[in-house]
There are 2 protein chains.
Amino acid sequence: MNTKKIAIMGFGTVGGGAYDILVENREYIKNTRGVDIEVARILDRSEEALSARNADAALFCPSADALAADPDIDLVIETMGGVEPARSFIIKMLKAGKSVVTANKELLAKHWSELEPIAEKNGAGLYFEASCVGGVPIIRALESSFQGDRINTVYGIINGTTNYILSKMSAEGCEYSAALKQAQALGYAEADPTADVEGYDAAYKLSVLGSLAFRTYVPYETVFREGISGITADDIRNARDLGYVIKLLAIGKRDGNKLEARVHPVFVPETHPLASVSDAFNAVYLNGDFVGDLMFYGAGAGAHPTGSAIVSDAITALTEAPKYRRFVADGKLEAGISLVGNFESGYYICVTVDDRVGVLSRISTVLSDNGVSIKAATQRSGREDGTATVVFLTHRANERSVMSALETIGKLASVRRIDSTVRVL
Amino acid sequence: MNTKKIAIMGFGTVGGGAYDILVENREYIKNTRGVDIEVARILDRSEEALSARNADAALFCPSADALAADPDIDLVIETMGGVEPARSFIIKMLKAGKSVVTANKELLAKHWSELEPIAEKNGAGLYFEASCVGGVPIIRALESSFQGDRINTVYGIINGTTNYILSKMSAEGCEYSAALKQAQALGYAEADPTADVEGYDAAYKLSVLGSLAFRTYVPYETVFREGISGITADDIRNARDLGYVIKLLAIGKRDGNKLEARVHPVFVPETHPLASVSDAFNAVYLNGDFVGDLMFYGAGAGAHPTGSAIVSDAITALTEAPKYRRFVADGKLEAGISLVGNFESGYYICVTVDDRVGVLSRISTVLSDNGVSIKAATQRSGREDGTATVVFLTHRANERSVMSALETIGKLASVRRIDSTVRVL
């Protein structure tokens, strides 16, 4: 059996995780998959990155050019993260005809349409199972399974940090800031948590997953995005009282040439399979026209789950011919496809009002005037400061109608403030 | 683009489901997957089968020999079910170099090791995503994803009929016989429900899934099997009181050269992701050494979900080179692999006893003498007939120790009968 030599660029947590698997299961992979994979070079800033993870210092390679020029290297794993220099390095490797396995969702969301044609032109493969939902093989499934189906909807809990924070708030009744601190202490959230909590990370992944599911490019910039930092302990409690849990969902829908792509907090009915996806776990829930509903569940991040996806991609790259995704096209929304901004949803609305007769009725009238129909309303009165909290759950309504109604409601004399608005699945 | 002509053998529910998709989504498949598939011949007993499903009578083909001899047919879908004549027909097609897509788990469980080498010898592909868990792409995942992982455990709710019956018993508090009647009325259970309720169907599928997961052949005959017909409404209630739901699970475990393969009812903790898989839905829960826990969920049966898996396999067969599973070998357990009969599990035991002082203590002593440690015990007394019900939950213990203890307990003077024994996950 030929030994295939590969390289790893970026030897941090995820790169180290892939390395562990390739070393520990090398014989197993050889026996079961018929390919012997040797990690021959590791690119990082310094040799210390290698010794920190018990890799032989002799594997150290300081230069992407040297790597690209090495004819012995069949494949390169990119686990550096971020756009540059990952982008330039990957392009060098592809141009040298080396297949690339990457875990880099940000790069993919921003430069996929640049990378895909370079890969195809040079006969190299581009693989990125590890970029979305860790070890869960959702990319592979979207490319190679239910191929005869039109996928109608994709619902994803695809960011572990926000799912951990929301699960913590739900389990302990704490506020967002306290849950965020716990997530940071455990390494689930970064010191600057913006990319996760404001939904950027989920939007990157939705761009990738949505494109594969709908077989049309979903540019990252078209994804509507709203984070979880505005969710309060009261919202979580109100959700539970109404039979829901709050999740940050990535939602993709395709109906003919109409496309929806959005990331925002959602009230998920507690009986829905997504409701029980807790802590740092991830899940993707799909509906296809013939296959019906499917869910894929697992660890969304972590050195070994993500490393597992990388290693599986590497084995595929070394044993199968590459395939290309021509629908990624020129990085724009396909001609004829229109993005639905004024989507439909149910809404949860929480308002603090003066505790006086007639307030509930005035708000209801505004909602009704905007074509928003109320499904349930409750009022909690009797506070010392003379205010009451009103909670509405609406039937499905247009986003713009609801926003317009809220603008009017916010100006009513008896309304102190609109506390929260969360969409309902 | 070349048009690929294919045939369907067996035009019942599942064959008709695949046909619907191939006709309705033909253009979509052509545009997105680059292959134009035409159903050119349909084999069944009579032309009526075709007209009943709006297929052109001109497609009717009465003879497998004629089909095998037709050089225009690239691929054959087998949706006849049962062992014969499906087995002989598939062998004819493979020998003629035609790839075969089958939904036939019984045939596969009983004759896989015969079919696989015939396929390989003739350069034809053998595909069977539809044989297990309907539209859920678990076969594809086990073959092409987490390839660098050793799979340690497979837990599957892989029989829709029994899951429907157990869900119904749980939701309505009814007995097994009433739930079975409802399942039969809805078409979820057959007039003779043996294959489903006694666990044969799940055992067929575990043989297939376990072989792929563990990369070693798990012969159907080695699967320990126990059905759900002994589960009572009391068991379901007792399970709920203890925080469990009862599911028929297919369990596969591999630890080095030790293998477990068993199908039986199980107490599943209500917080486990498998606990919320209800009605006719199916799920497979896996653990890999690096990828960790994964779950795949979806419709386990039905014309269109199963048809979806068939169509996806057909597209794969027509666009990729076939791969062969050499570990299926000679249809026997691989040399060196040993099957663990005396597996470990927790146990739920329900016993009817004379309502007298000291009975609980006597049973506890027998369990203890057999090395079975009690986790929880409750006694419900005060019946008019002078009996009481005692429920035990044990810590993990050897199957044989528990069975030996039960034999002794059954002979105790104060024990009227052992009502139920169910293993605990």
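In terms of heavy-atom pairs under 4.5 Å with chain A, the best-connected choice from B:Gly135, B:Gly298, B:Pro305, B:Gly307 is B:Pro305. For the set A:Ile37, A:Val291, A:Leu22, the entry with the most heavy-atom pairs within less than 4.5 Å of chain B is A:Val291. Considering only heavy-atom pairs separated by less than 4.5 Å from chain B, the leading option among A:Phe327, A:Phe281, A:Phe296 is A:Phe296.
By the side-chain contact (heavy atoms from CB on, under 4.5 Å) test, B:Ala7 is found to be paired with B:Arg41, B:Leu67, B:Ile73, B:Val76, residues two or more places apart in sequence or in another chain being considered.
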Using only distance (under 3.5 Å, no hydrogens or angles), which donor-acceptor pairs connect chain A and chain B?
unit_1	atom_1	unit_2	atom_2	d
B:Asn25	OD1	A:Arg150	NH1	2.8
B:Asn25	ND2	A:Gly148	O	2.8
B:Asn25	ND2	A:Asp289	OD2	3.3
B:Thr32	O	A:Arg215	NH2	2.8
B:Arg33	NH1	A:Glu143	O	2.7
B:Glu143	O	A:Arg33	NH1	2.7
B:Ser144	O	A:Ser312	OG	3.4
B:Phe146	N	A:Ser312	OG	3.2
B:Gln147	N	A:Ser312	OG	3.1
B:Gln147	NE2	A:Ser312	O	3.2
B:Gln147	NE2	A:Ser312	OG	3.3
B:Gln147	NE2	A:Thr316	OG1	2.9
B:Gly148	O	A:Asn25	ND2	2.8
B:Asp149	OD1	A:Ser308	OG	2.6
B:Arg150	NH1	A:Asn25	OD1	2.8
B:Arg215	NH2	A:Thr32	O	2.9
B:Asp289	OD2	A:Asn25	ND2	3.3
B:Met295	N	A:Tyr297	O	2.8
B:Met295	O	A:Tyr297	N	2.8
B:Tyr297	N	A:Met295	O	2.8
B:Tyr297	O	A:Met295	N	2.8
B:Ser308	OG	A:Asp149	OD1	2.6
B:Ser312	O	A:Gln147	NE2	3.2
B:Ser312	OG	A:Ser144	O	3.4
B:Ser312	OG	A:Phe146	N	3.2
B:Ser312	OG	A:Gln147	N	3.1
B:Ser312	OG	A:Gln147	NE2	3.3
B:Thr316	OG1	A:Gln147	NE2	2.9
B:Glu320	OE2	A:Lys323	NZ	2.6
B:Lys323	NZ	A:Glu320	OE2	2.6

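B:Val311 and A:Gly148 get closest at one heavy-atom pair: CG1-CA, 3.9 Å.
If you measure heavy-atom distances from B:Ile29 to chain A, the contacts under 4.5 Å come from the side chain alone.
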